[in-house]
Novice: 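Quick one: the structure is below, and I'll ask about it shortly.
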Amino acid sequence: MILPALAAGFGVAVVVSANTFTVRAQEAASEAAQSAAQPPAVEPPPPDPAAELAAKRDQTRAELETLSKSITLSSDKVSELQQSIANLEKNTQSIRQALIDSAARRKGLEKQILESEKKLADLGVKQDGIRRSLHERRGLLAEVLAALQRMGRNPPPALLVTPDDALASVRSAILLGAVVPGIRTETDKLAADLASLTALQTASAAEKAGLTATMTDSIEEERRMDLLLAENDKLSRSNAAELQAERKRSEELAGKATSLEGLVASMESEIASVRDAAAAARQAEENRKLLTDEQRAQAKALAESGVPDKNRIAPAYPFGELRAKLELPVAGDILRQFGDADGTGHEAMGMTVATNPETVVTAPADGLVVFAGAFRSYGQMIILDAGDGYHLVLSGMDTINTRQGKFVFSGEPLAVMGAKRVASATALALETDRPTLYIEFRKDGKPVDSRPWWTAKDTGKARNDS
């Protein structure tokens with residue numbers, strides 16, 4: 001049995017016969033000379049870990065999308081959801097609170113899915129690395145295994161037999177003393193690689209099982225939210241003809257507006273529901289300013305406790321005091337921040353977040369819906385008046401579940417992302433086909449960096465190709 005890969009490390013070539021080993025030093029020297037005369041092979045560049053991880057995430061994401069389509073809720077579970085909605089107290093406060101709670105659960109599940117997706121991609125990259133290493137060493141490993149098998153079948157002869165056997169045994173012992181350590185090293189490495197591969201496969205299987213359960217819960221929560229939205233729509237529906245007239249008028253104004261400032265101004269002056277709600281919100285803000293320091297402190301403590309008045313028509317507390325307290329409207333990866341290059345030679349006026357398909361979009365803060373619909377190259381867009389001269393712009397959604405003139409609470413579901421990225425001016429030069437949400441904060445009509453408002457956990461940034 002020839003063991004060139006092992007023997008090369010010792011400057012010899014080894015031939016294993018039935019019971020003896022012959023060292024062919026001359027042949028080894030000749031082979032070494034030939035190898036030295038040949039130009040070294042050009043090795044391919046090592047794989048880029050970041051690109052490899054990004055490619056694995058894309059592959060994992062595609063597999064998860066296929067898996068999600070195969071998950072369905074049983075008829076019993078659907079009936080249970082319908083019954084739970086039917087048992088709710090049928091008033092605006094209870095339904096809206098149920099919607100906020102459902103949105104929070106759904107966003108939490110979406111974050112878990114994103115984390116599991118990243119873990120599976122990382123595990124997949126590690127498995128691929130071990131398989132690649134095994135593949136690159138397949139020749140050496142084959143000879144190690146063959147040598148081990150041959151030595152097991154034909155062990156060296158006993159020393160105290162005949163002179164010929166004794167000589168062969170001494171030669172075998174000398175050669176084995178040089179070769180066996182190398183075999184043992186490769187054998188230990190092979191065993192470690194196989195053990196690691198098995199452990200990674202077990203971890204991947206466990207992660208997939210947990211992810212399947214999480215995706216099932218997410219689909220269940222999505223169905224609950226759909227039922228709650230339908231119920232909320234019944235309670236808040238005004239005159240259908242009046243709503244349709246306002247929607248048509250807002251579309252006309254959006255078509256004429258040339259800027260966001262112009263759009264907001266026209267909405268607040270010409271759409272009755274927005275005008276009246278904005279006036280009421282401003283009056284509520286003025287009334288708050290008249291409170292004593294003690295009353296203001298009590299109101300702030302109540303708002304920060306998470307149980308502000310559910311009938312309020314103005315933000316629970318000034319927007320300027322919400323720094324480092326807001327959560328992103330979606331669970332996802334930040335691709336672009338305020339001030340980054342936007343792909344057109346300019347700086348981005350907002351941030352862009354990549355999400356998974358059909359992710360829920362929630363209100364980052366209390367606010368009045370000034371506009372809800374399509375606007376120029378922004379696509380489907382929602383503008384919230386958060387008070388204190390601040391407006392929050394969200395665009396890139398697929399389906400909007402709110403209407404202009406409505407006051408929404410922080411965490412209330414507003415829209416749902418689509419299956420793919422929507423082509424828009426705010427999503428240029430993004431190396432992803434995932435749905436992307438554009439978020440822009442404006443103070444007195446001018447874009448400002450939103451980073452100071454997000455909680456610390458939401459300020460990270462992912463690669464553009466993630």
Side-chain angles (χ1 to χ4, degrees), residues 96-97 99-111 114 260 281 285 288 299-310 312 314-340 348-355 359-372 381-397 401-402 406-417 426 436-444 446-462:
R96 292 180 77 176
Q97 184 58 53
L99 270 171
I100 292 172
D101 294 341
S102 177
R105 288 192 297 269
R106 188 169 167 186
K107 284 179 71 175
L109 292 167
E110 287 165 353
K111 288 178 181 178
L114 281 171
L260 286 176
E285 281 192 51
R288 185 173 58 201
K300 183 177 180 180
L302 180 64
E304 290 182 344
S305 69
V307 287
D309 178 16
K310 295 302 179 185
R312 64 188 183 279
Y317 36 84
F319 190 76
E321 297 180 5
L322 292 173
R323 289 173 181 262
K325 294 182 179 178
L326 303 187
E327 289 193 4
L328 287 176
V330 293
D333 300 316
I334 298 175
L335 301 187
R336 184 184 289 162
Q337 290 277 20
F338 178 91
D340 289 348
M349 295 293 100
M351 67 187 299
T352 304
V353 184
T355 75
T359 294
V360 64
V361 182
T362 59
D366 294 352
L368 169 67
V369 181
V370 176
F371 179 77
M381 186 175 70
I382 294 174
I383 302 177
L384 297 179
D385 183 347
D388 277 357
Y390 286 93
H391 286 86
L392 315 184
V393 181
L394 308 174
S395 70
M397 298 84 65
N401 294 321
T402 190
K406 181 179 179 181
F407 186 82
V408 296
F409 303 150
S410 174
E412 187 170 339
L414 302 178
V416 177
M417 302 300 293
T426 59
T436 55
L437 179 71
Y438 176 73
I439 307 166
E440 183 176 305
F441 282 17
R442 287 176 164 254
K443 170 64 173 172
D444 299 327
K446 296 182 179 179
V448 296
D449 191 350
S450 66
R451 273 175 285 197
W453 273 266
W454 307 118
T455 60
K457 63 183 179 181
D458 286 338
T459 56
K461 182 176 179 182

Novice: Between A365 and L392, what is the shortest heavy-atom contact and its length?
Specialist: CB-CD1, 4.3 Å
Novice: Show your reasoning for whether side-chain contact (heavy atoms from CB on, under 4.5 Å) applies to S450 and M351.
Specialist: CA-CA 8 Å; S450 66; M351 67 187 299; 3.4 Å; yes
Novice: Looking only at heavy atoms, what is the nearest atom pair of P452 and R323, with distance?
Specialist: CB-NH1, 3.3 Å
Novice: What distance do W453 atom CH2 and L322 atom CG have between them, rounded to the nearest 0.5 Å?
Specialist: 9.0 Å
Novice: Heavy-atom distance under 4.5 Å between the side chains of E327 and P364, does that happen here?
Specialist: no
Novice: Any chance the side chains of K325 and T455 put a donor and an acceptor closer than 3.5 Å?
Specialist: no
Novice: If we only count heavy atoms from C-beta on, is the T436 to V353 side-chain gap below 4.5 Å?
Specialist: no
Novice: CE/M397 to CD1/I382 distance, rounded to the nearest 0.5 angstrom?
Specialist: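 The CD1 atom of I382 is 4.0 Å from CE of M397, to the nearest 0.5 Å.
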Novice: Heavy atoms only: give me the nearest L384-A363 pair and the separation to one decimal.
Specialist: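 Heavy atoms of L384 and A363 come nearest at CD1-CB, 4.2 Å.
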Novice: Carefully, step by step, assess V416 and N401 under the rule side-chain contact (heavy atoms from CB on, under 4.5 Å).
Specialist: CA-CA 8 Å; V416 177; N401 294 321; 3.8 Å; yes
Novice: Please give me the minimum heavy-atom distance between V393 and R442, naming the atom from each residue.
Specialist: CG2-CD, 4.4 Å
Novice: To the nearest 0.5 Å, what is the distance between CG (D101) and CD (Q97)?
Specialist: 4.5 Å
Novice: Do the side chains of L394 and V361 get nearer than 4.5 Å, heavy atoms only?
Specialist: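 Yes. Closest side-chain heavy atoms under 4.5 Å.
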Novice: How far apart are the C-alpha atoms of M381 and I383, what are their side-chain angles, what is the distance that settles it, and do they pass the side-chain contact (heavy atoms from CB on, under 4.5 Å) test?
Specialist: CA-CA 7 Å; M381 186 175 70; I383 302 177; 3.7 Å; yes
Novice: Between L328 and K107, which heavy-atom pair has the shortest distance, and what is it?
Specialist: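 Between these two residues, the closest heavy atoms are O-NZ, 2.5 Å.
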Novice: Shortest non-hydrogen contact from I439 to P329?
Specialist: CD1-CD, 3.6 Å
Novice: Rounded to the nearest 0.5 Å, what separation is found between the OG1 atom of T352 and the CD atom of Q337?
Specialist: 9.0 Å
Novice: State, yes or no, whether a side-chain contact exists between V330 and V360 at a heavy-atom distance under 4.5 Å.
Specialist: no
Novice: I'd like to know whether D385 forms a side-chain contact (heavy atoms from CB on, under 4.5 Å) with F407, so could you lay out the CA-CA distance, the side-chain angles of the two residues, the decisive distance to 0.1 Å, and finally the verdict.
Specialist: CA-CA 9 Å; D385 183 347; F407 186 82; over 6 Å; no
Novice: What's the separation between atom NZ in K443 and atom OH in Y390, rounded to the nearest 0.5 Å?
Specialist: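 The NZ atom of K443 sits 4.5 Å away from the OH atom of Y390.
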Novice: Between E412 and K406, is the closest basic N to carboxylate O distance under 4.0 Å?
Specialist: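 Yes, K406 and E412 are salt-bridged.
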Novice: Between CG of L326 and CZ of F441, what distance do you get to the nearest 0.5 Å?
Specialist: 5.5 Å
